[in-house]
Amino acid sequence: MDKLSALAVFESLSSGVRLDIYRLLVKVGPEGLVAGEISSTLAVPPTNLSFHLKALTHAQLVAVVQEGRFQRYRANLALMHDLIAYLTEECCAGHPEQCAELCPPLSCQTASAIPTPA
């Protein structure tokens, strides 16, 4: 990942609604959700949701697949892991093993402690 890609991700997540959408999609995992499910879960009007989903898709944080009349959205977890790696690649002057106890590895187990968006 490079600086411009990281900035695009941060810009996209700088909206509270988009952050809630992304976290919801992370929570539901690989099956993802169709737009209507996202809209009803987060109480975001469909026209508003469409705008935010477009921004997340443009930043590649969310992948979309057409399923008949519906579009299914899934969080791009690989991109988020790349972002975290980019942010921490110089950890402890390039020797991350020195600060391993301060920076536990990311896993789905630790991610389950993240609360659901309100």
Side-chain angles (χ1 to χ4, degrees):
M1 176 167 289
D2 60 16
K3 184 177 182 178
L4 289 176
S5 299
L7 287 171
V9 170
F10 284 123
E11 247 180 73
S12 182
L13 292 176
S14 68
S15 158
V17 173
R18 289 192 289 270
L19 184 59
D20 288 346
I21 293 167
Y22 184 79
R23 290 183 53 156
L24 175 64
L25 291 173
V26 168
K27 181 179 179 181
V28 299
E31 66 272 7
L33 293 170
V34 296
E37 294 170 321
I38 298 169
S39 177
S40 62
T41 301
L42 297 177
V44 176
T47 53
N48 236 4
L49 181 68
S50 176
F51 169 78
H52 291 296
L53 287 170
K54 182 177 178 181
L56 288 167
T57 303
H58 182 71
Q60 299 179 344
L61 278 162
V62 169
V64 59
V65 175
Q66 191 74 36
E67 292 181 357
R69 298 182 357 200
F70 303 100
Q71 292 184 315
R72 183 167 298 275
Y73 294 88
R74 293 178 177 90
N76 181 350
L77 296 176
L79 179 64
M80 189 55 63
H81 284 275
D82 288 347
L83 175 65
I84 293 167
Y86 170 76
L87 292 171
T88 59
E89 69 187 357
E90 296 297 322
C91 179
C92 298
H95 299 283
E97 67 280 357
Q98 293 176 356
C99 57
E101 63 191 40
L102 298 174
C103 307
L106 286 177
S107 71
C108 289
Q109 291 174 341
T110 58
S112 67
I114 299 171
T116 305

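Quick note: residue numbers are just sequence positions, from 1. Note that the coordinates shown come from a computational prediction; the quantities given were computed from them, not determined experimentally.
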Donor-acceptor contact present, side-chain Ser39 to main-chain Gly36, <3.5 Å: no
Should side-chain heavy atoms under 4.5 Å link Ile, Leu, Val, Met, Phe, Trp and Tyr, which residues sit in the same cluster as Phe70? Val34
I need the minimum non-hydrogen distance between Ala6 and Leu83, along with the two atoms involved. CB-CD1, 3.7 Å
For the atom pair CE (Met1) and CG (Leu7), what is the distance rounded to the nearest 0.5 Å? 10.0 Å
Is the shortest heavy-atom distance from the side chain of Ile21 to the side chain of Leu25 under 4.5 Å? yes
Would you indicate whether the side-chain heavy atoms of Val44 and Ile38 approach each other to under 4.5 Å? no
Pairing residues for Ser40 by the side-chain contact (heavy atoms from CB on, under 4.5 Å) criterion, not counting sequence neighbours: none
Is there a path of hydrophobic side-chain contacts, each under 4.5 Å between heavy atoms of I, L, V, M, F, W or Y residues, that connects Met80 with Phe10? yes
Does any part of the side chain of Asn48, heavy atoms only, come nearer than 4.5 Å to the side chain of Val17, both counted from C-beta? no
Do Tyr86 and Ile84 land in one hydrophobic cluster if side-chain heavy atoms of ILVMFWY residues count as linked below 4.5 Å? yes
How far apart are the closest heavy atoms of Ala8 and Ala59, and which atoms are they? O-CB, 3.9 Å
Stepwise side-chain contact (heavy atoms from CB on, under 4.5 Å) test for Val64 and Leu53: CA-CA 9 Å; Val64 59; Leu53 287 170; over 6 Å; no
When rounded to the nearest 0.5 angstrom, what is the spacing between CG in Leu56 and CG in Leu19? 9.5 Å
Looking only at atom types and distance, does a side-chain atom of Thr41 sit under 3.5 Å from a main-chain N or O of Glu37, one as donor and one as acceptor? yes
In this structure, would Leu79 and Leu87 fall into the same cluster of hydrophobic residues linked by side-chain contacts under 4.5 Å? yes
Where do Ser12 and Ala55 come nearest, in terms of heavy atoms and distance? OG-O, 3.6 Å
According to the side chain to side chain donor-acceptor pair (under 3.5 Å) rule, which pairs have a member within residues 49-75, sequence neighbours left out? Arg18-His52, Gln66-Gln71, Glu67-Arg72, Gln71-Tyr73
